[in-house]
Participant: 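Submitted below is the structure of interest, expressed as structure tokens.
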Amino acid sequence: MAESNDTPSLDFIREIVARDQASGKHGGRVATRFPPEPNGYLHIGHAKAICLNFAIAAENEGGTCNLRFDDTNPAKEEVEYVDSIQEDVRWLGFDWEDRLYFASDYFERLYEFAEELTRKGHAYVCSLSAEETREYRGTLTEPGRNSPYRDRSVEENLDLFRRMRAGEFEDGAHVLRAKIDMASPNVTMRDPTIYRIRKATHHRTGDAWCIYPMYDFTHSLSDSIEGITQSLCTLEFEARRPLYNWVLEHLDVPSHPQQIEFARLNLSYTVLSKRKLLTLVNEGRVSGWDDPRMPTLSGMRRRGLTPEAIRTFCDRIGVAKRDSVVSVAQLEHAVREDLNLRSPRVMGVLNPLKVVIENYPEDQVEWLDAVNNPEDESAGTRKVPFSRELYIEQEDFREDPPKKFFRLTVGREVRLRYAYLVTCTSVIKDDQGNVIEIRCSYDPETKGGTAPDGRKVKSTMHWVSASHAVDAEIRLYDRLFNRENPNQVDVEGHDFHDNLNPDSLEILTGCKLEPSLAESRPGQRVQFERRGYFCEDIKDSKAGSLVFNRTVPLRDTWARIEKAGKQHG
RNA sequence: UGGGGUGUAGUCCAAUGGUAGGACAUGCGGCUCUGGACCGUAGAAUCGGGGUUCGAAUCCCUGCACCCCAGCCA
């Protein structure tokens, strides 16, 4: 897959893989996996893990990457999520071929492993309540105490465990625990629970089971069963690596993968936690998991980001072990870079201001040539209609132009893109003094946009012929949170909700688009010249009532100048 | 005060004892029928203190800061 020429050096994980390949540690194989829990939608943080795992497999001869659902908690998992996850991974551009796995497919084998562990005296059934278990576990600084059930005989453990499986006990009555060390300074090694009773219907196995294996037990064995060579996960699992290895060392397993941890992605001005994203969805702060403001892959897809841009972004941010927060500007850059090369240009006026070209014949219409993509000659040209009444952008006219404002003002000549040089002659205002229409004259000698006498204008503006315009709704998105780190709060009792940006969505109606957009279809990406990249909404847009989402605005030098001017007086 | 990790420009990532480099962001300039794109250019960093070495971001000692772990979640 996408090799990064930007970073010729290997990240620490690829270095390990290369070393293992050189030493033949895993018999020359490279097998990775992406192991999501189907309890939420995938987000950009998952994209980092997906790109990493699939890319490492692809970079190595014969390498494979599995998609495995870690579905061991029926209470939180749903088929809606397993479907969306597959759709998102595919959309991102990766193919797990026939290697779609579910931890739940291993339940029988996992159960047998658990019996094996019990038979070997490495696991026991503990009948402490959850609260008692916590008390016995000790604290970070004090060792735990052995459970009074720790020394049950193998026979009793086996009998109890089988009866747990048979459904003889209620939730919480017993658990199966690994017998390790209650005094370990690493609390995860203090006889961790590996099976619990949960009389719940599982989205795949239904009611076949009432006991479910815990993460550490399931994950290590699933990796082993699948012959994974490097098991990549995020930093918070680092302290569990001894347990991962312990499980594999105490059982007769097919292989012993190496767990390697890397830093999860954090992105500025958003949250990447399924739990937090779920609350935004459930509380109606956003329209759903695929709200274009969400950092989910489905949200980004709907907003118009491309999988290529996301992959490029993931390549560029690299992989390391230190906690970091990547600037969202980095993502936006990758998106603009990709969209710049591929998006057809089109003219659309977001906030229309009526213009009448007074010396242009009443009923005349000229169809002018417009370039579809200056970055791609093969994209060709199209015709746009020009007529006496037009719309331009409100912000492109100023009655009292500030310094460095090059656009239209009374008495100034500018170019209407692909059309003519026009000069503003007067303005019409309403009772409140707002400019509601401007009057211009055009120079018929400048058709196409160039003056025969060679005179220059400082500005070129986009426009749309009023009588030909197609109406549309345009949704402008801004950052979801107004703090770089939404989890940072100054006020006692506040949380990330209090950092939500109330202006993250602005809906514009009555926008005027050039008539070629009537042919647009949901999902179509375009650049509205001088405004940004937009994507026709895949849910709400219909022929006749178009809806476009702004993916990302164009870099706006003027906005920057103006802002700087205001700051410095 | 237990254990495990991590400290390099504003941000992300390199440099594996030998000129601290790239990308994003920012400033300036050029070009332009998008104030876009593109081109050029500038400023900007090794957590602190010791030590080893001809030479330290890298090795050693010490201190500091930050992150993770006490679910019958993953």
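Throughout, a chain's letter reflects where its sequence line sits, starting with A, and its residues are numbered from 1. All values below were derived from every heavy atom in this structure, side-chain atoms included, with hydrogens, water molecules and symmetry-related copies excluded.
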Participant: Would you say whether A/Trp558 stacks on B/rG35? The test is a distance between ring centres of less than 5.5 Å and an angle between planes of less than 30°.
Facilitator: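 Stacking between A/Trp558 and B/rG35: present.
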Participant: Does A/Phe102 have A/Arg68 sitting over its ring (NZ/CZ under 6.0 Å from centre, angle to axis within 45°)?
Facilitator: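 No cation-pi geometry.
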Participant: For B/rA15, give the paired nucleotide (Watson-Crick: N1-N3 plus N6-O4 or O6-N4; G-U: N1-O2 and O6-N3; both under 3.5 Å), or none.
Facilitator: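 Pair assignment: B/rA15 / none.
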Participant: Considering only the C1' atoms, how many Å lie between B/rG43 and B/rG10, rounded to the nearest integer?
Facilitator: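 Taking atom C1' in both B/rG43 and B/rG10, they lie 12 Å apart.
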Participant: Please list, in numerical order, the residues of residues 232-240 of chain A that have a heavy atom closer than 4.0 Å to any atom of RNA chain B.
Facilitator: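 Residues of residues 232-240 of chain A under 4.0 Å from RNA chain B: A/Glu236, A/Phe237, A/Glu238, A/Arg240.
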Participant: Take atom P in B/rA70 and the same atom in B/rU58, then report the distance between them in whole Å.
Facilitator: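 Straight-line distance between the two P atoms is 34 Å.
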Participant: Determine whether any donor atom in the side chain of A/Arg531 lies under 3.5 Å from an acceptor atom in the base of B/rG36, or the reverse, and answer yes or no.
Facilitator: no
Participant: Measuring only the C1' atom in each nucleotide, how far is B/rC72 from B/rA65? A whole number of Å is fine.
Facilitator: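 Taking atom C1' in both B/rC72 and B/rA65, they lie 36 Å apart.
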Participant: Which whole number of Å gives the distance between the P atom of B/rU62 and that of B/rA45?
Facilitator: 30 Å
Participant: Does OP1 or OP2 of B/rC13 have a side-chain N or O of A/Ser9 closer than 4.0 Å?
Facilitator: no
Participant: Considering Watson-Crick and G-U wobble pairs with both distances under 3.5 Å, what does B/rA42 pair with?
Facilitator: B/rU26
Participant: Taking the same atom, C1', in B/rG49 and in B/rA56, what whole-Å distance lies between them?
Facilitator: 15 Å
Participant: Tell me, please, whether A/Phe262 has A/Lys321 positioned over its six-membered ring: NZ or CZ under 6.0 Å from the ring centre and within 45 degrees of its axis?
Facilitator: no
Participant: Which whole number of Å gives the distance between the C1' atom of B/rG7 and that of B/rC12?
Facilitator: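 Those two atoms are separated by 14 Å.
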Participant: Quick one: on RNA chain B, does A/Thr557 or A/Ser129 contact a more 5' nucleotide (nearest heavy atom)?
Facilitator: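 So the residue in question is A/Thr557.
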Participant: Rounded to whole angstrom, note down the P distance from B/rA9 over to B/rC28.
Facilitator: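 After rounding to an integer number of Å, I get 24 Å for this pair.
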Participant: Is there a Watson-Crick or G-U wobble partner for B/rA37 with both distances under 3.5 Å, and which nucleotide is it?
Facilitator: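 Its partner is none (no Watson-Crick or G-U wobble pair with both distances under 3.5 Å).
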Participant: Say you pick atom P in B/rG17 and the same atom in B/rG29; how far apart are they, in whole Å?
Facilitator: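 The same atom, P, in both gives a distance of 44 Å.
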Participant: Honestly, is A/Arg152 close enough over A/Tyr124, meaning NZ or CZ under 6.0 Å from the six-membered ring centre and within 45° of the axis?
Facilitator: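 Negative - A/Arg152 is either too far from the ring of A/Tyr124 or too far off its axis.
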Participant: Can you tell me how far C1' of B/rA15 sits from CG of A/Asp11, to the nearest Å?
Facilitator: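 Rounded to whole Å, this separation is 15 Å.
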